[in-house]
Amino acid sequence: MSNGATPAKMSANPFDIFVIGARKGFNIAINNLVPNILMAYAVAEILKLLGVMEFLGTLFGPAMTVFGLPGEAVTVILTAWLSSSASVGLAANMAANGILDATHITILMPCFFLLGAQLQYMGRLLGVADVPKKYWPLLMSASLLNALCAMLIMNYIFV
Amino acid sequence: MEKENKNLTNFEAEEWRVGPKAFVSLVVAILFFSGMLTGIADMKWLSAFDYSTLAGKFGTMKTLGKDTFVGAGGIGARAGFLFALSLVPSVMLAIGCLEVLSYYGAIKAAHKLLTPLLRPLLGVPGLTGLALITDLQSTDAGAALTKELYDQELITKKELTIIGAWQYSGAGLINNYFAIGSALFSYLTVPLLLPFALMFVFKFVGAIYVRFILNTFYKEDFKNE
């Protein structure tokens with residue numbers, strides 16, 4: 001094993017590097033996934049008890065058929081805009097309850113990330129990189145277009 | 001000066017003022033934890049604002065030999081917690097492997113392949129490739145690199161906006177997909193890499209769309225660049 005070109009601090013042993021990555025993965029899972037999915041499950045319960053899920057389902061039913069999705073899926077798409085992990089959690093919850101099936105999840109998959117966490121990334125990305133505020137709506141429309149087109153492609157070509 | 005003082009006292013008073021919002025939230029807190037909102041026969045929906053209803057219940061072993069520790073039929077926060085815990089191993093494995101692969105230069109190779117595409121597709125210089133590639137792994141690091149490019153006057157405002165568009169949609173794609181998306185991998189009816197590749201392509205599509213709008217609709221803004 002060559003360790004000539006590597007920085008002194010970092011081990012060149014692939015097993016050690018894997019462990020560093022696995023530790024990062026653990027932190028992401030515990031600090032990000034667990035709180036977000038717990039919240040998504042609680043919110044899903046609220047929406048279900050209040051009948052919002054059913055209401056949105058009938059309201060957006062026709063529009064969602066274009067993407068090959070049931071109307072309820074609109075809640076997942078709206079949530080994606082706020083947080084990728086919350087929307088993934090919500091989708092997992094709906095899949096466990098039989099509202100979404102494997103095909104629906106596959107169609108939705110690109111949307112979680114192309115539209116994902118736009119609200120958060122406004123600050124973390126556009127703000128930090130100093131993209132002029134004037135163009136933020138344009139960038140948001142681009143993300144929305146990306147997500148919608150990607151779902152169409154998933155629906156009509158791949159599944 | 002006088003005005004400033006006035007603002008200061010206002011600010012202090014603000015902290016101690018108990019407005020209607022505070023009382024409403026106290027009432028909500030009491031109702032939420034009291035358990036009074038559950039079990040009202042005609043208004044079952046009220047239980048949506050009840051703590052123990054939202055806490056839910058863990059799933060149970062309905063089918064022996066099939067259910068995992070997550071169980072079946074769980075609801076609310078308890079079910080969400082166990083489900084999220086069940087994802088930890090696959091996330092650790094994915095991020096661990098990514099770490100090893102990027103150590104051996106997978107990201108550098110991607111950078112090399114990407115660079116010649118940037119000028120024709122996005123109209124940005126090849127040196128922005130690193131900021132773009134970094135964004136695939138970390139939103140924050142990618143954003144910082146982009147800002148640096150602009151501060152050093154290596155890119156113009158227009159190029160900055162186009163790069164921002166590429167980074168914004170699907171930010172942190174690799175890590176987010178394998179860390180968060182892995183929760184749903186078991187449902188996928190297509191190969192795992194297909195949605196990933198599609199999203200990667202769409203990052204370009206979105207940026208090209210933004211480039212086009214900037215070159216037409218906002219043409220006047222960039223006359224001097």
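The shown structure was predicted, so the numbers you read here are calculated from the model rather than taken from an experiment. Below, chains carry the letters A, B, ... as their sequence lines are ordered, and counting in each starts from 1.
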At a 4.5 Å cut-off on heavy atoms, which part of F178(B) comes close to chain A: side chain, backbone, both, or neither? neither

With heavy-atom distances below 4.5 Å as the criterion, would you say the side chains of L139(A) and T161(B) are in contact? yes

L173(B) versus chain A, heavy atoms under 4.5 Å apart: side chain, backbone, both or neither? side chain

If you count heavy-atom pairs within less than 4.5 Å of chain A, which of V201(B), D140(B), V88(B) leads? D140(B)

Side chain from CB out, backbone as N, CA, C, O: work out which of these in L160(B) comes under 4.5 Å of a heavy atom of chain A, or both, or neither. both

Considering all heavy atoms, the nearest V100(B)-P14(A) contact: CG2-O, 3.6 Å

Please step through side chain to side chain contact (heavy atoms under 4.5 Å, CB included) for the pair D221(B) and Y135(A), ending with a clear verdict. CA-CA 11 Å; D221(B) 295 9; Y135(A) 307 114; 2.7 Å; yes

Which portion of M122(A) sits near chain B, non-hydrogen atoms under 4.5 angstrom: both

Quick one: does L38(A)'s side chain get under 4.5 Å of R78(B)'s, heavy atoms only? no

Out of N32(A), I30(A), L33(A), which residue meets the side-chain contact (heavy atoms from CB on, under 4.5 Å) rule with V91(B)? L33(A)

Interchain contact, D50(B) with chain A, by part (heavy-atom threshold 4.5 Å): neither

Result for side-chain contact (heavy atoms from CB on, under 4.5 Å) between T189(B) and one of I105(A), D101(A), I107(A), T106(A) points to T106(A)

Y41(A) and F81(B) aromatic centres sub-6.0 Å: no

Given that the side chain runs from C-beta out, which part of L114(A) has a heavy atom under 4.5 Å from chain B: side chain, backbone, both or neither? both

Do S141(A) and Y209(B) have side-chain atoms, one donor and one acceptor, less than 3.5 Å apart? yes

Let me know if Y177(B) has heavy atoms under 4.5 Å from chain A in its side chain, its backbone, both or neither. both

Under 4.5 Å to a heavy atom of chain B? For F158(A) that would be both

Which answer fits I163(B), side chain, backbone, both or neither, if we ask what part of it has an atom under 4.5 Å from a heavy atom of chain A? neither

Side chain proximity check, Y121(A) to Q167(B), heavy atoms < 4.5 angstrom: no

Given that the side chain runs from C-beta out, which part of L184(B) has a heavy atom under 4.5 Å from chain A: side chain, backbone, both or neither? both

I95(B) side chain reached by F18(A) side chain, heavy atoms, under 4.5 Å: no

Looking at CG of L49(A) and CD1 of I75(B), how far apart are the two atoms once the value is rounded to the nearest 0.5 Å? 8.0 Å

Nearest atoms (heavy-atom pairs only) where P195(B) meets M154(A): CG-CE, 4.3 Å

How many angstroms lie between OG in S143(A) and OH in Y168(B), if you round to the nearest 0.5 Å? 6.0 Å

State whether a side-chain donor-acceptor pair under 3.5 Å links N146(A) with S169(B). yes

Side chain / backbone / both / neither for F26(A) at chain B, heavy atoms under 4.5 Å: both

Per-residue contact mode, C149(A) against chain B (heavy atom under 4.5 angstrom): both

Under 4.5 Å from any heavy atom of chain A, what part of L87(B) do you find: side chain, backbone, both or neither? side chain

Give, as side chain, backbone, both or neither, the part of A92(A) having an atom under 4.5 angstrom from any heavy atom of chain B. both

Which atoms of L144(A) approach chain B - backbone, side chain, both or neither, heavy atom under 4.5 Å: neither

Engaged part of L125(A) at the chain B interface, taking heavy atoms whose separation is under 4.5 Å: both

With chain A, the option among A183(B), C97(B), G142(B) that has the most non-hydrogen atom pairs under 4.5 Å is C97(B)

Turns out that what part of F83(B) lies under 4.5 Å from chain A's heavy atoms comes down to side chain

Return the minimal non-hydrogen interatomic distance between M109(A) and M199(B), and the atom names on each side. O-SD, 4.4 Å

